[in-house]
Amino acid sequence: MSALSELQGAVRAAAGAVGAGGEGKGRQAPSLQRPPKPDFGDYSSNVALLVAPTVGRSPREVAEQVGEQLRDALGERLERVEVAGPGFLNLFLADQWFLAALRGVLEAGDRFGAGEAAAGERINLEFVSANPTGPLTVAHGRHAAYGDSLARVLEFAGHRVHREFYINDYGTQVRRLGESIRARARGEPVPQDGYQGDYVADLVDPQLAREADVEELARLGVAACLEEIEATLERFGVRFDTWFFESSLHSSRPSGGSAESEAGGGAAETLGRALADLERAGAVYRADGALWLRTSELGDDRDRVLERTSGEHTYFASDIAYHQHKRARGFERLIDVWGADHHGYVARMKAAWQALGGDPDALEVVIVQFVHLLERGERTSMSKRQGNIVTLDELIEEIGVDAARFFLLGRSHDTTVEVDLDLAREESAENPVYYVQYAHARIASVLRKAGAQRVSQALERLGELGPPALDPAERALIKRLVAFSEEVVEAAERRAPHRIAAYALELAQEFTAFYRDCRVVGAEPPDLEAFRLGLCLATQRTIATALGLLGVAAPESM
RNA sequence: GCCCCCGUAGCUCAACUGGAUAGAGCGCCGGCCUUCUAAGCCGGGGGUUGCAGGUUCGAGUCCUGCCGGGGGCGCCA
């Protein structure tokens, strides 16, 4: 148990002893937080404020009593408690507590912060799923960075994550790609709804592109695009467990790519089965010559078409079958990562999911907001059809994988981001990622200077020594280190890997302050040096872990 | 018209799902390298959290209504 959760437990127990009993109304607020000012202690708790109404005493009175309990429970690890403001309980911890906390971090080793999820789940995480009709854009890069980092965070928190890329290799857009390839090769104007980008000319051998039929060209074009997409993702450090072909859901498979799909074998009749299941559930009806799904009865605005008058199935129908297929593979939870332009699609997907008997809570859709591109101060849109795209490859080439990932993960998925390419180029050297990496490299340098032998001796010594008189910077750094566990839980539960980026930066800042104020190698007495070497090691590992969750390298030197 | 997301320092974004005096980075001004990495450090300026109400001990966060930006409301994907 980490020092922090132990402390948390002590606070809860103390509150319980005072008569708080239950959890209060509604969701329980965090009972421990890091206060904004040092005057407010190392940690503060609002339990008294939450609990006072139910026990019928004033918050300050309750806080006093909880404080008494804590004094008994924590003994000499607690320096003092204060009741402040409307009833906050401020805890001032003794150096002994900090020493114990550091030991805890070091004992956990590389697994510090790991496996704290309440219950590990088997999760299918689908992300990027870009159409195989062109190169990946910067927007896809955001999805890739987000999804991959989320997967890492979830895994670290104790879940099992299956990464999946859904390929829309079926339908009109694929045909349009074929037409565009041919038109381009023949020097004819590309059709209005076709793909205008220059890359189209390079997808298929020109000679072939002039002569082959559209079907064939579409197939070749998709294959070429996919190859490139996979290569780009590889460069970006993102790998998928399954590439799932939409065409594999249909009984006839014109694009033929499904052989590579893990799902290929059993998927063929999935679409037919899904439709039959929906029909059996009484969720479909025929009207105006089309087949409709009653999604409006399950929270959607209106009913949706599954099968057109022409007899062709809609994309929606495929997607339903796809989700049913995922469910049949035994995942406890599905997470779909979609772009903001698809948010209108969420209600119908969830409705269909429920119509098929799916647990509404088990299907989660995360919407990632747009990336707006600026070039020379001008807003440019990214449309594959219009061809004015900035590719992920270009971004990687300009600023590198680490800077790109850190930049894209630096903001919440819930907010639109602006990418000014010119600025990104100019400022890539100022990217905060280097600050974090620099702190890591600096620690490596300090540890090198001390030498491996001295470091391992320090670790042994650390188990025995008493608490040295700590510098404020040391306490601040340890508090930040200890916070990592809950940051991981937070990031996992809220599907918010950007918190890890923020945390990494804060940890690096805290270390830099420590580095400024506290000499490590050669510190006197030797116990103090041992303590600080241990602190450096713990910090280095935690930075490396945090960067690893972001898919960013942690260099030994810079 | 209806629905969803966003609005926080000059710019890009945080803020521990309701906590105390809203924080970082970049940019701007001024200082710091015979001492474990100056990709660094220290100091300074910068805010009515879009606006108006409401809920309560306490609101950037929750509720209502406006304003502004984006997206959605296809037998497109």
Side-chain angles (χ1 to χ4, degrees), chain A residues 26-27 29-30 32-37 39-40 44-46 49-50 52-53 58-59 84-88 90 131 133 168 170-174 176 193 246 288-292 300-302 304-316 318-319 339-347 367 369-370 372 407 410-412 414-420 423 426-427 429-439 441-450 483 486-487 489-490 493-494 496 498-499 501-503 505-506 509 512-513 515-523 532 536 557-558:
Chain A
R27 55 186 180 280
L32 263 194
Q33 49 259 148
R34 300 183 290 279
K37 281 181 68 177
D39 292 359
F40 297 153
S44 69
S45 175
N46 60 359
L49 289 162
L50 297 179
S58 82
F88 287 105
N90 295 338
N131 288 335
T133 53
N168 307 131
Y170 193 89
T172 46
Q173 51 163 358
V174 172
R176 274 191 211 122
D193 292 333
E246 180 187 356
D288 305 326
L291 186 68
W292 298 74
D300 198 5
D301 293 338
R302 45 165 298 184
R304 308 288 172 175
V305 170
L306 296 172
E307 189 188 294
R308 299 173 216 165
T309 329
S310 65
E312 293 176 291
H313 295 114
T314 56
Y315 173 85
F316 182 43
S318 294
D319 222 1
D341 53 339
H342 282 70
H343 82 255
Y345 198 79
V346 176
I367 297 297
Q369 293 298 319
F370 285 111
H372 291 141
F407 179 85
R411 22 308 257 131
S412 159
D414 218 22
T415 184
T416 54
V417 319
E418 301 255 331
V419 176
D420 185 326
L423 217 61
E426 282 170 30
E427 291 180 358
E430 310 295 337
N431 191 303
V433 74
Y434 299 118
Y435 184 92
V436 180
Q437 291 182 319
Y438 186 67
R442 236 179 190 175
I443 297 172
S445 171
V446 170
L447 295 178
R448 268 197 304 274
K449 179 157 180 130
E486 55 176 15
E487 292 287 353
V489 172
E490 249 341 273
E493 282 178 358
R494 289 167 62 172
H498 77 278
R499 293 179 141 271
Y503 173 80
L505 192 56
E506 287 162 359
Q509 279 166 338
T512 303
Y515 178 85
R516 180 191 66 223
D517 295 342
C518 301
R519 178 79 198 181
V520 178
V521 179
R532 288 181 176 170
C536 282
S557 66
M558 288 176 75

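Naming: A, B, ... by sequence-line order, numbering from 1 per chain. As a basis for the values below, the full set of heavy atoms in this structure was taken, side chains included, without hydrogen atoms, waters or symmetry mates.
- B:U17 and B:A77: their P atoms are spaced 42 Å apart (whole Å).
- Between the P atoms of B:C66 and B:C2, the separation comes to 9 Å (whole Å).
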Protein N or O to nucleotides 60-62 of chain B N or O, pairs below 3.5 Å:
none

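- Side chain of A:Asn90, nearest nucleotide from B:A20, B:C75, B:C6: B:A20.
- The side chain of A:Tyr438 places an N or O atom within less than 4.0 Å of a non-bridging phosphate oxygen (OP1 or OP2) of B:A39.
- Looking at heavy-atom distances under 4.0 Å, A:Asp288 makes contact with a base.
- Taking the P atoms as reference points, B:A52 lies 25 Å from B:A15, given to the whole Å.
- For B:U56 and B:C28, the P atoms lie 48 Å apart once the distance is rounded to whole Å.
- Taking the side chain of A:Glu490 as heavy atoms from C-beta on, and the options B:A14, B:U17, B:C76, the nearest nucleotide is B:U17.
- Taking the centre and axis of the six-membered ring of A:Phe407, the NZ or CZ atom of A:Arg411 falls inside the cone set by 45° and 6.0 Å.
- For A:Gln173 (side chain) and A:Asn168 (main-chain N/O), a donor-acceptor pair under 3.5 Å exists by modelled atom type.
- Nucleic acid contact for A:Asp301: none, since no nucleic acid atom lies under 4.0 Å from a heavy atom of the residue.
- In this structure, A:Ala340 reaches the sugar-phosphate backbone alone: every heavy-atom distance under 4.0 Å involves primed, P, OP1 or OP2 atoms, never a base.
- For A:Phe316, the ring-ring contact (aromatic ring centres under 6.0 Å, His included) partners are A:Tyr345, not counting sequence neighbours.
- Contact annotation for A:Thr512: backbone-only contact, meaning every heavy-atom pair under 4.0 Å involves sugar-phosphate atoms and none involves a base.
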Enumerate all atom pairs, one protein N or O and one N or O from nucleotides 31-34 of chain B, separated by less than 3.5 Å.
none

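- A close approach under 4.0 Å does not occur between any side-chain nitrogen or oxygen of A:Arg34 and OP1 or OP2 of B:G19.
- With B:A14, B:C16, B:A20 as the candidates, the nucleotide lying closest to the side chain of A:Ser44 is B:A20.
- If you check every strand for non-hydrogen atoms under 4.0 Å, A:Val417 touches sugar and phosphate atoms only.
- Under 4.0 angstrom from either OP1 or OP2 of B:C36 there lies no side-chain N or O belonging to A:Arg516.
- Considering only side-chain atoms of A:Arg302, the nucleotide from B:G74, B:C6, B:G71 that sits closest is B:G74.
- Nucleotide B:C11 holds its P atom 15 Å from the CZ atom of A:Phe407, rounded to whole Å.
- By the ring-ring contact (aromatic ring centres under 6.0 Å, His included) test, A:Tyr503 pairs with A:Phe484, sequence neighbours left out.
- Base orientation at B:C26 is anti, since its O4'-C1' glycosidic dihedral falls outside 90° of 0.
- At the heavy-atom level, A:Arg494 lies under 4.0 Å from base atoms of the strands shown.
- Taking atom P in both B:G45 and B:A22, the straight-line distance is 15 Å, to the nearest Å.
- Rounded to a whole angstrom, the distance from the C1' atom of B:C62 to that of B:U55 is 8 Å.
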- Item | Summary of protein contacts for nucleotides 22-27 of chain B, nucleotide by nucleotide, where a base hit scores B, a sugar-phosphate-only hit scores S (4.0 Å, heavy atoms) | --SSS-

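- Using a 4.0 Å heavy-atom cutoff across all strands shown, A:His498 reaches sugar-phosphate atoms only and no base atom.
- Going from the C1' atom of B:G47 to that of B:G60 covers 12 Å, rounded to whole Å.
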- Note on the structure: For RNA chain B, the dot-bracket notation using Watson-Crick and G-U wobble pairs below 3.5 Å, [ ] for pseudoknot-type crossings and | for other-strand pairs, is (((((((..((((.....[...)))).(((((.......))))).....(((((..]....))))))))))))....

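- Rounded to whole Å, the P atom of B:A59 lies 12 Å from the corresponding atom of B:G54.
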